[in-house]
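Note sheet for the following structure.
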Amino acid sequence: MSTAPDETATTTAPARDTKKIAGALLRYRVLAYATGVWLLVLTAEMVAKYIFKVEDLPGWIAIVHGWVYFVYLILTMDLAVKVRWPVGRTVGTLLAGTVPFLSFFVEHQRTQQVKRDFGV
């Protein structure tokens with residue numbers, strides 16, 4: 001029995017954190033793209049319905065986007081907690097899934113920032 005600190009615990013903890021951050025970042029990126037795509041599909045449906053007066057459009061597009069956005073919110077919060085984003089950055093990233101094309105732009109910015117800051 002030694003009273004010296006366990007060196008393996010201190011050297012592997014950051015590696016574990018990096019793996020968790022990398023996993024959370026990947027999940028966030030996938031859902032950011034999925035949310036962006038479904039939001040564009042929903043926008044196209046709204047344009048067809050209200051501008052071009054197309055009838056008999058599928059009603060499930062809004063439901064799918066809603067559920068994908070819900071999962072996006074959860075996974076974005078997971079990443080935000082792991083990388084300790086400030087509240088403003090977190091809220092801005094959460095809202096990016098509500099404006100067409102914005103989720104793609106914000107995803108790119110957040111990914112570059114996380115990769116730069118955490119080396120993932």
Quick one: do [X] and [Y] end up in the same hydrophobic cluster if we chain Ile, Leu, Val, Met, Phe, Trp and Tyr together by side-chain heavy atoms under 4.5 Å apart?
X     : Y     : result
Leu42 : Trp67 : no
Val41 : Val47 : no
Val71 : Val64 : yes
Met46 : Phe52 : no
Val83 : Val81 : no

Does the plane of the ring in Phe104 sit parallel, tilted or perpendicular to the ring in Tyr33? Use 30° and 60° as the thresholds.
tilted

Between Phe70 and Ile74, is the side-chain contact (heavy atoms from CB on, under 4.5 Å) condition met? List the steps.
CA-CA 7 Å; Phe70 178 69; Ile74 293 169; 3.5 Å; yes

What's the shortest heavy-atom distance between [X] and [Y], and which atoms?
X      : Y      : result
Ala32  : Ser103 : O-OG, 3.3 Å
Ala24  : Asp78  : CB-OD2, 3.6 Å
Thr76  : Trp85  : CG2-CZ3, 4.3 Å
Met77  : Leu94  : SD-CD1, 3.9 Å
Pro100 : Leu40  : CB-CD2, 3.9 Å

With Leu25 as reference, evaluate Lys115, Arg110, Lys82 under the side chain to side chain contact (heavy atoms under 4.5 Å, CB included) test and give the passing residue.
Lys115

Please round to the nearest 0.5 Å and tell me the distance separating atom [atom1] of [X] and atom [atom2] of [Y].
X      : Y      : atom1 : atom2 : value
Thr35  : Leu102 : OG1   : CG    : 12.0 Å
Thr93  : Tyr72  : OG1   : OH    : 6.0 Å
Gln113 : His108 : CD    : NE2   : 12.5 Å

So does Lys20 have more than 12 non-hydrogen atoms from other groups sitting under 6.0 Å from NZ?
no

Show your working on side-chain contact (heavy atoms from CB on, under 4.5 Å) between Phe101 and Leu39 and close with a plain yes or no.
CA-CA 8 Å; Phe101 295 106; Leu39 181 58; over 6 Å; no

Please determine whether side-chain contact (heavy atoms from CB on, under 4.5 Å) holds for the pair Arg27 and Leu79, giving the CA-CA distance in whole Å, both sets of side-chain angles, and the decisive distance to 0.1 Å.
CA-CA 9 Å; Arg27 291 186 296 272; Leu79 178 63; over 6 Å; no

Do the non-hydrogen side-chain atoms of Phe118 and Asp17 ever get within less than 4.5 Å of each other?
no

